[in-house]
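Since the structure is predicted, the reported quantities are computational estimates derived from the model, not experimental observations. Below, read A as the first sequence line, B as the second, and so on, with proteins coming before strands; counting in each chain starts at 1.
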Amino acid sequence: AQTVTQSQPEMSVQEAETVTLSCTYDTSESNYYLFWYKQPPSRQMILVIRQEAYKQQNATENRFSVNFQKAAKSFSLKISDSQLGDTAMYFCAFMRRGSQGNLIFGKGTKLSVKP
Amino acid sequence: ETGVTQSPTHLIKTRGQQVTLRCSSQSGHNTVSWYQQALGQGPQFIFQYYREEENGRGNFPPRFSGLQFPNYSSELNVNALELDDSALYLCASSLKVGLAAETQYFGPGTRLLVL
């Protein structure tokens, strides 16, 4: 069975600085996808970034980028130029290719951006 | 483009009762997945509906059931409610094309409290 581990329950960063959130996963699969979702206090889960395991190039979306280390089964999220609106719970998630919609989530990291 | 919507936003029930939660998928999407998110935890996959049939199921008992309608909207039904069913219930829609891992887009959730 696949598992996703986020070892940092809480983190804080000053506005405009950079922060990295950690995620490791365990799987015997070779074809899979990894995601970072953000859940602000409004509760709605918002997709931040997606990575296909077969792609060696790390995904990037504006201020958000990942460091995908397939052999180490590590998938960290870097947020550059942190903004107050980045304050949220961040969840790392795994999906096996061909699975029936089963996203497996970590327990989340609570990120606070301080002015 | 209309996003994923869910109703109601909040619900209070007593133990033993039954509840129905509703979800409208994002326009252009044909698949709906349901997740249960207990307080302080990551979401857990309940099941997915595609072409009006259950297409995959997590580790939830049969008293959790669902429906998908021709317009791709969906219902989650929970019978014989237990105190541990208190949680945020999230619906996510996606476009299923072959075996590709479709990105799931989440609704705002329904907060269920069982007394």
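Using a cut-off of 4.0 Å between Lys/Arg side-chain N and Asp/Glu carboxylate O, B/R63 and B/D85 are scored as salt-bridged. Under the 4.0 Å criterion applied to side-chain N and carboxylate O atoms, A/E52 and A/R97 are not assigned as salt-bridge partners.
Residue A/S22 comes nearest to A/Q8 through the heavy atom pair N-OE1, 2.7 Å, listed as atom of the first residue, atom of the second, then distance.
B/V78 is connected to B/W34 through a chain of hydrophobic side-chain contacts under 4.5 Å among Ile, Leu, Val, Met, Phe, Trp and Tyr, so both are in one cluster. When hydrophobic clusters are built by joining Ile, Leu, Val, Met, Phe, Trp and Tyr residues whose side-chain heavy atoms come closer than 4.5 Å, directly or via intermediates, B/L88 is not grouped with B/L112.
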Review point. Checking side chain to side chain contact (heavy atoms under 4.5 Å, CB included) for the pair A/C92/A/F75: CA distance, chi angles, key distance, verdict?
Key: CA-CA 8 Å; A/C92 177; A/F75 183 60; 3.9 Å; yes
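At a heavy-atom separation below 4.5 angstrom, chain B is approached by no residue within residues 61-72 of chain A. Of residues 102-115 of chain A, those residues lying under 4.5 Å from chain B by any heavy-atom pair are A/N102, A/L103, A/F105, A/G106, A/K107.
Residue B/Y72 qualifies as open at atom OH: its count of foreign heavy atoms under 6.0 Å is 12 or below.
In this structure, no portion of B/Y50 lies under 4.5 Å from any heavy atom of chain A. Contact annotation for B/Q37: only side-chain heavy atoms (C-beta onward) come within less than 4.5 Å of a heavy atom of chain A. No part of B/S94 comes within reach of chain A, as not one of its non-hydrogen atoms sits under 4.5 angstrom from that chain. Contacts of A/Y32 with chain B are absent, with no heavy-atom separation under 4.5 Å from either backbone or side chain.
Taking the six-membered ring for Trp, B/Y105 and B/H29 have ring centres closer than 6.0 Å. Annotation: A/Y37 is not in aromatic contact with A/F91 [ring centroid separation under 6.0 Å not met]. Between B/F47 and B/Y49, the ring center distance clears the sub-6.0 Å criterion.
Of the listed residues (B/G109, B/G56, B/G42), the greatest number of heavy-atom pairs within a distance under 4.5 Å of chain A belongs to B/G42.
Looking only at distances, a side-chain donor or acceptor of A/Q51 sits under 3.5 Å from a matching main-chain atom of A/K55.
Under the 4.5 Å side-chain criterion, counting only non-hydrogen atoms from C-beta, B/R111 is not in contact with B/L11.
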